[in-house]
Each structure stands twice: as C-alpha cells, then as structure tokens.
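Okay, so here's the structure we're looking at.
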Amino acid sequence: MGMDMLSSGLATCRHSLTPRQMQEALTPGHLKKAKLMFFFTRYPSSTLLKTYFLDVQFSRCITSQLIKWFSNFREFYYIQVEKFARQALLEGVVDACTLQVSRDSELFRALNMHYNKGNDFEVPGRFLEVASLTLQEFFSAVRAGKDADPSWKKPIYKIISKLDSDIPEGFKAAGCSQELLHS
DNA sequence: GTGCGACCTG
DNA sequence: CAGGTCGCAC
C-alpha cells in the first residue's frame, strides 16, 4: 500500500550515467557463449565470469545480468531433469544407477536444444556425467518422497554445485563464439 | 547495505 | 530471458 517500489537489486541499474558509462551491453553472441559455458559450469562466480568475458566492461548491471543468465540456465536444467526423473519413476525404473544420460537420450536432446541450438558445439562428456548424476539424485529423492519437503531440492543443488569443471581457455577469446562452432 | 540464488511471472 | 520478490550470508 503506497510503498515505494524502489527495491534494491537489478532494477537499480538505471542511473544518471554518462552515455559512455552505460555503453556496451551484453550481445547475443555473449549469450550464446554463456550457454556453451554452462556445459562446464553451472555455478560460475562473478570473478570467473570476468575472466571469460574479457571484452565486456563489467559493471554491477552487467555482472548481475550474467549471473541472472546462469540462474535461468539452471532453472531450465533442473526443471528438465526433474521432469525426466519423475517420468522414469512412472515408467517403473527401479535402479537409479540405470539412469544414464547419453547423447541420444531425450533429456540430452532437450538440453542440447536449449544450450546448443544448432548443435554446432561438441558437448563435453563430463556434462553427460553431471546430467546423469543430477537425474539420479532427483529420481532417488522423488522415489523416497523427499519432494514433500518444500526445500527438498536444496541438497541436490549442493551436490551439483560441486561438479563444475574448468572451462577451456578458448572461451576467453572475445570472438570465440565463431571458432568454437566446429566439429 | 550488498551480493547471490531460488522461485514465480509474463 | 527479464522483472520482481523473498531469504540467506557477509
């Protein structure tokens, strides 16, 4: 009721900055690059991001936007995995161990479609391992009825957050979006 | 106070 | 994906 909507956070980006200060926003190319980076890291720190987007003039807004992107990536990722985990449960899967995400599985297709649209990047095998583990964790949790707890996903996030791997140096190159589009 | 993450919404 | 809110930690 009448409260000012001036909450802190991303919305505070609009300030009286000179044209030169507020220049250089993130481009579609940066987004594409970020999506591919997701195959290696699900929880990149702002520090790490700064070292992989050397062509970006970081500001609180830019940093927040990049962090937000990965947050959105994770959201999509976990939703997809959970969906397939529940589906496997309904289909009568018994051993969580038998749930492996391969390059020809439907889950992979969905994820690859989202983060690697043109399928022009070779997804690292490590990502398949992480995805498989995530799938198994969700499967086991749901099967055990853990989802009754409002915060049942937290333990899973904790596990997955420790599985980030190093990002290839090639990603540091400004126009890497082009070179990476091989194989 | 600020930064970050999850969750919800459009 | 961006916008906003809430909660947690520093």
Side-chain angles (χ1 to χ4, degrees), chain A residues 1-17 21-53 55-86 107-121 123 127 130-131 133-142 144-167 171 176-177 180-181:
Chain A
M1 8 251 271
M3 300 294 281
D4 67 288
M5 305 308 174
L6 300 178
S7 62
S8 60
L10 297 176
T12 62
C13 290
R14 287 177 214 22
H15 279 131
S16 53
L17 299 171
Q21 286 177 301
M22 51 194 261
Q23 70 179 344
E24 309 304 333
L26 292 171
T27 68
H30 290 137
L31 175 59
K32 183 177 182 61
K33 174 176 174 177
K35 286 185 173 181
L36 294 182
M37 286 172 66
F38 185 75
F39 284 127
F40 299 91
T41 174
R42 268 60 59 186
Y43 293 83
S45 64
S46 57
T47 302
L48 182 151
L49 291 174
K50 287 184 173 69
T51 66
Y52 279 89
F53 287 90
D55 61 327
V56 174
Q57 294 70 15
F58 279 82
S59 64
R60 279 195 297 185
C61 299
I62 297 299
T63 302
S64 294
Q65 189 180 357
L66 266 172
I67 291 295
K68 178 64 177 178
W69 279 359
F70 279 84
S71 178
N72 283 325
F73 296 164
R74 285 194 297 277
E75 186 172 39
F76 179 84
Y77 174 74
Y78 288 126
I79 288 176
Q80 292 303 309
V81 176
E82 181 184 351
K83 185 171 68 180
F84 280 83
R86 290 182 181 286
L107 175 54
F108 178 76
R109 183 195 61 67
L111 296 174
N112 191 55
M113 171 77 89
H114 192 71
Y115 309 112
N116 183 29
K117 272 299 198 305
N119 189 42
D120 41 22
F121 177 74
V123 179
F127 179 73
V130 175
L133 224 74
T134 311
L135 181 60
Q136 291 165 20
E137 289 298 330
F138 267 93
F139 176 84
S140 299
V142 175
K146 301 282 186 57
D147 56 338
D149 180 338
S151 58
W152 65 287
K153 296 177 182 178
K154 291 298 182 184
I156 298 177
Y157 297 155
K158 179 74 175 300
I159 294 174
I160 304 307
S161 68
K162 298 180 182 301
L163 304 180
D164 279 10
S165 49
D166 294 325
I167 301 170
F171 277 88
C176 74
S177 298
L180 289 173
L181 307 184

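Treat the numbers as computed from the prediction; the structure is a model and nothing was measured. Letters A, B, ... are given to chains in the order of the sequence lines, protein chains preceding strands, and every chain is numbered from 1.
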For a quick test of reading the model: is some side-chain N or O of A:S46 closer than 4.0 Å to OP1 or OP2 of B:dC4? yes
Criterion side-chain contact (heavy atoms from CB on, under 4.5 Å) against A:K35, the qualifying member of A:Y115, A:W69, A:F70: A:Y115
Exam field: side chain A:H114 to backbone A:L111, donor-acceptor pair closer than 3.5 Å: no
Would you indicate what A:K158 reaches in the nucleic acid, counting non-hydrogen atoms under 4.0 angstrom: base, sugar-phosphate, or nothing? nothing
In this structure, how many angstroms lie between the [atom2] atom of [N] and the [atom1] atom of [X], rounded?
X     : N     : atom1 : atom2 : result
A:L26 : C:dC1 : CG    : P     : 12 Å
A:Q65 : C:dG3 : CD    : C1'   : 12 Å
A:L48 : B:dC4 : CG    : C1'   : 15 Å
A:I62 : C:dA2 : CD1   : C1'   : 14 Å

Report the C-alpha distance between A:F84 and A:F138 in whole Å, list the side-chain angles of each, state the deciding distance to 0.1 Å, and finish with yes or no for ring-ring contact (aromatic ring centres under 6.0 Å, His included). CA-CA 9 Å; A:F84 280 83; A:F138 267 93; over 10 Å; no
Please tabulate, one pair per line, each protein N/O and nucleotide N/O from nucleotides 6-10 of chain C that are separated by under 3.5 Å, including the distance.
none

Extract from the structure each pairing of a protein N or O with an N or O of nucleotides 5-7 of chain B at less than 3.5 Å, listing the distance.
{"unit_1": "B:dA6", "atom_1": "OP1", "unit_2": "A:Y43", "atom_2": "OH", "d": "2.9"}
{"unit_1": "B:dA6", "atom_1": "OP2", "unit_2": "A:R74", "atom_2": "NE", "d": "2.7"}
{"unit_1": "B:dA6", "atom_1": "OP2", "unit_2": "A:R74", "atom_2": "NH2", "d": "2.8"}
{"unit_1": "B:dC7", "atom_1": "OP2", "unit_2": "A:Y157", "atom_2": "OH", "d": "2.7"}
{"unit_1": "B:dC7", "atom_1": "N4", "unit_2": "A:K68", "atom_2": "NZ", "d": "3.4"}

ring-ring contact (aromatic ring centres under 6.0 Å, His included) test vs A:F38 passes for just one of A:F73, A:F121, A:F76, namely A:F73
Option from A:F40, A:Y52, A:F39, A:F53 for which ring-ring contact (aromatic ring centres under 6.0 Å, His included) with A:F171 holds: A:F40
Pairwise side-chain contact, A:L26 with A:L31, heavy-atom cut-off 4.5 Å (strictly under): no
Anything under 30° is parallel, anything over 60° is perpendicular, the rest tilted; go ahead and classify A:Y77 against A:F127. tilted
Measuring from A:K50:NZ to A:T63:OG1, what's the distance to the nearest 0.5 Å? 4.0 Å
Of the options C:dA2, B:dT2, C:dC1, whose atoms approach the side-chain atoms of A:R60 most closely? B:dT2
